[in-house]
Amino acid sequence: MHTDKGFSHQFTEALLQWNRTENHRQMPWKGEKDPYKIWLSEIILQQTRVEQGLKYYERFIKTFPTIQDLAAAPDQQVFKLWEGLGYYSRCKNLLEAARFIANDLQGVFPNQYEDILKLKGVGSYTAAAIASFAFNQPYAVLDGNVFRVLARIYDIEEPIDTTNGKKNFSRLAGLQLSREQPGIYNQAIMDFGATICKPFPECAACFFSDRCEAFLQGKQLLLPVKEKKIAVKERWFNYVVLQHKNVIAIKKRASRDIWQNLYEFPLIETSGPASLKEIHLQLEKGFGFSHHDVIFKKEIFETKQRLTHQVINFSFYQAETCEVKDIPGFIWVGWEELNHYPFPKTLQEYIINN
DNA sequence: GACGCGTGGAT
DNA sequence: TATCCAAGCGT
């Protein structure tokens with residue numbers, strides 16, 4: 001690997017040159033100086049593609065033009081706006097940080113890296129992004145793009161998903177940073193990673209291919225290296241959509257599990273495909289409905305959703321109950337009101353179609 | 001420090 | 001279809 005200052009300098013200068021002349025990537029938060037808008041965009045974009053986050057960013061800014069507006073909003077309105085974007089703890093932390101700034105910091109966004117880093121939901125990447133974009137401070141971002149670009153131009157085979165690997169890449173990212181234009185450099189290296197040095201890269205269009213160690217050895221597809229692979233577990237969610245006249249029973253998910261703070265129907269989770277008999281049994285044991293109290297519709301809607309670590313097999317049973325029975329933790333809500341509550345993607349789709 | 005957290009697009 | 005990945009973070 002190159003350890004000389006010259007190589008590092010060459011790439012940084014070439015990147016900034018490319019950024020000035022050929023990088024035409026445009027995004028609403030690019031060049032933005034309002035730390036609130038930068039922060040919001042960065043939280044939305046964590047592990048999320050620009051194309052997916054774009055609509056959410058625009059809706060959030062339109063609904064909450066200032067951090068005070070966001071801080072004053074009820075939880076449910078904000079979660080509803082976040083619905084469908086995934087990683088919902090981001091939304092919870094977003095609200096907590098907004099209220100902290102509005103209430104404890106007089107609405108003034110912190111302007112020092114260490115203080116930005118203390119905000120809930122803000123880690124080293126996001127703090128560096130805000131500090132450099134909003135305040136032009138010399139902190140290098142280290143995201144998936146930067147890992148990939150650095151691993152390739154230097155031909156680094158050390159895994160990026162280990163403690164030591166992260167430490168070393170972080171040090172290198174700091175050395176690579178332009179001290180004169182940290183904000184522009186950070187944006188440029190991410191744009192470069194997202195448009196040229198992609199997982200399947202466009203080396204023919206790259207300004208640095210003649211000096212890229214990975215490309216020179218034909219190794220660009222092998223870098224960066226990851227050590228761990230994700231284990232996917234399979235789960236079976238049987239939802240009993242209990243309806244009495246026009247009202248439906250729902251409750252907020254609260255356990256340490258997926259979709260915390262989103263709503264759902266009465267859930268019977270089983271260790272495999274469940275028989276109707278087992279659903280009836282569990283409905284009585286778990287929710288106190290005997291088979292005399294409910295009438296099941298014949299159709300069972302089945303679908304599957306793939307998450308990063310899980311595959312969820314859904315079965316939706318529609319059932320008419322003879323009364324609005326009090327079930328601990330549940331509320332009964334009219335079909336029309338359901339669209340005020342945030343639901344996981346698959347449940348939201350089910351609601352729309354039924 | 002390893003693991004869990006969503007959804008959607010690319011290969 | 002299966003797998004990986006995407007502007008990471010909290011626990």
Side-chain angles (χ1 to χ4, degrees), chain A residues 25 27-30 32 38-57 79 82-94 96-97 116-130 132-133 139-149 159-167 169-170 173 183 186-195 197-202 221-235 253 255-262 304-312 342-349:
Chain A
R25 197 173 191 220
M27 294 167 294
W29 48 82
K30 210 168 149 176
E32 179 61 57
I38 295 169
W39 165 67
L40 176 64
S41 72
E42 293 301 340
I43 301 298
I44 287 175
L45 291 174
Q46 287 169 3
Q47 294 290 283
T48 303
R49 291 169 183 282
V50 167
E51 312 85 74
Q52 190 191 2
L54 197 47
K55 298 186 299 292
Y56 288 85
Y57 174 79
F79 273 95
W82 197 275
E83 181 185 60
L85 193 54
Y87 283 158
Y88 297 94
S89 66
R90 288 184 292 173
C91 183
K92 177 183 162 69
N93 292 331
L94 183 83
E96 186 172 334
I116 299 169
L117 188 58
K118 286 179 189 147
L119 300 172
K120 272 284 166 59
V122 173
S124 57
Y125 162 77
T126 305
I130 297 170
S132 65
F133 295 153
Y139 293 90
V141 294
L142 180 53
D143 74 330
N145 292 304
V146 179
F147 274 118
R148 191 168 56 250
V149 170
I160 63 172
D161 57 350
T162 61
T163 303
N164 218 36
K166 285 173 191 159
K167 194 179 70 187
F169 274 89
S170 179
N186 276 337
Q187 184 61 57
I189 194 169
M190 291 194 287
D191 285 346
F192 173 61
T195 59
C197 199
K198 300 180 285 189
F200 190 84
E202 314 260 3
L221 291 177
L222 303 178
L223 296 171
V225 173
K226 281 192 183 177
E227 189 170 85
K228 307 172 177 65
K229 51 178 66 176
I230 42 177
V232 178
K233 81 173 168 184
E234 195 167 10
R235 302 173 76 179
R253 283 176 70 84
S255 61
R256 294 169 58 89
D257 197 355
I258 54 175
W259 301 322
Q260 207 176 76
N261 293 306
L262 303 194
K304 191 179 279 210
Q305 182 178 3
R306 182 181 46 78
L307 285 61
T308 303
H309 293 266
Q310 305 182 18
V311 172
I312 313 288
F343 288 92
K345 190 72 179 172
T346 302
L347 276 71
Q348 181 58 32
E349 278 171 1

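Just so it is clear, the values below take in all heavy atoms, side chains as well, and ignore hydrogens, waters and symmetry mates. Quick note on labels: first sequence line is chain A, next is B, and so on, each numbered from 1.
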(message) Within the 4.0 Å heavy-atom criterion, would you say A:E96 contacts the bases, only the backbone, or no part of the nucleic acid?
(response) nothing

(message) Test of understanding: with ring-ring contact (aromatic ring centres under 6.0 Å, His included), list the residues that count as partners of A:Y56, not counting sequence neighbours.
(response) none

(request) Determine the interatomic distance between P on B:dG9 and the same-named atom on C:dC9; round to the nearest Å. (result) 24 Å

(message) Do A:E42 and A:T126 pair up side chain to side chain, a donor and an acceptor below 3.5 Å, judged on atom types alone?
(response) no

(message) Distance alone, cut at 3.5 Å: any donor-acceptor contact between the side chains of A:R235 and A:Q310?
(response) yes

(request) Could you say whether A:D161 or A:H309 is positioned toward the 5' end of DNA chain B, judged by the nucleotide with the nearest heavy atom to each? (result) A:D161

(message) Mind checking if A:V232 touches a base, just sugar-phosphate, or nothing, with heavy atoms under 4.0 Å?
(response) nothing

(message) Judged by each residue's nearest nucleotide on DNA chain C, which is more toward the 5′ side, A:L119 or A:P224?
(response) A:P224

(message) Reading DNA chain C in the 5' to 3' direction, which nucleotide is the first one with an atom under 4.0 Å from a heavy atom of chain A, and which is the last?
(response) C:dT3 to C:dT11

(request) Quick one: label A:S124 by what it contacts on the DNA or RNA (base, sugar-phosphate, nothing), any heavy atom closer than 4.0 Å. (result) sugar-phosphate

(message) With rounding to the nearest 0.5 angstrom, report the OG to CD1 distance, A:S170 to A:I160.
(response) 13.0 Å

(request) Determine the interatomic distance between P on B:dG1 and the same-named atom on C:dA6; round to the nearest Å. (result) 24 Å

(request) Mark up nucleotides 6-11 of chain B, 5' to 3', with B wherever a protein heavy atom is under 4.0 angstrom from a base atom, S wherever such an atom reaches only the sugar-phosphate, and - elsewhere. (result) BBBB--

(request) Could you tell me whether A:R235 contacts a base, only the sugar-phosphate backbone, or nothing, with contacts defined as non-hydrogen atoms closer than 4.0 Å? (result) nothing

(message) Need one value for A:W29: base, sugar-phosphate or nothing, where a base atom within 4.0 Å counts as base even if backbone is also close, heavy atoms only.
(response) base

(request) Check ring-ring contact (aromatic ring centres under 6.0 Å, His included) between A:W29 and all other residues, then give those that pass, not counting sequence neighbours. (result) A:Y57

(request) Take atom P in C:dT1 and the same atom in B:dG6, then report the distance between them in whole Å. (result) 25 Å

(request) Flag yes if more than 12 heavy atoms outside A:K229 fall under 6.0 Å of its NZ atom; otherwise flag no. (result) no

(request) Sticking with atom C1', work out how far B:dA2 lies from C:dA7, rounded to a whole angstrom. (result) 23 Å

(message) If only side-chain N and O atoms count, and only distance matters, is there a donor-acceptor pair under 3.5 Å linking A:R90 with A:N93?
(response) no

(request) Apply ring-ring contact (aromatic ring centres under 6.0 Å, His included) to A:Y139 and list each qualifying residue two or more places apart in sequence or on a separate chain. (result) A:Y113

(request) Please report, rounded to the nearest Å, how far the P atom of B:dC3 is from the NZ atom of A:K166. (result) 12 Å

(message) Holding to ring-ring contact (aromatic ring centres under 6.0 Å, His included), I want the full list of residues that pass it with A:F79, two or more places apart in sequence or in another chain.
(response) none

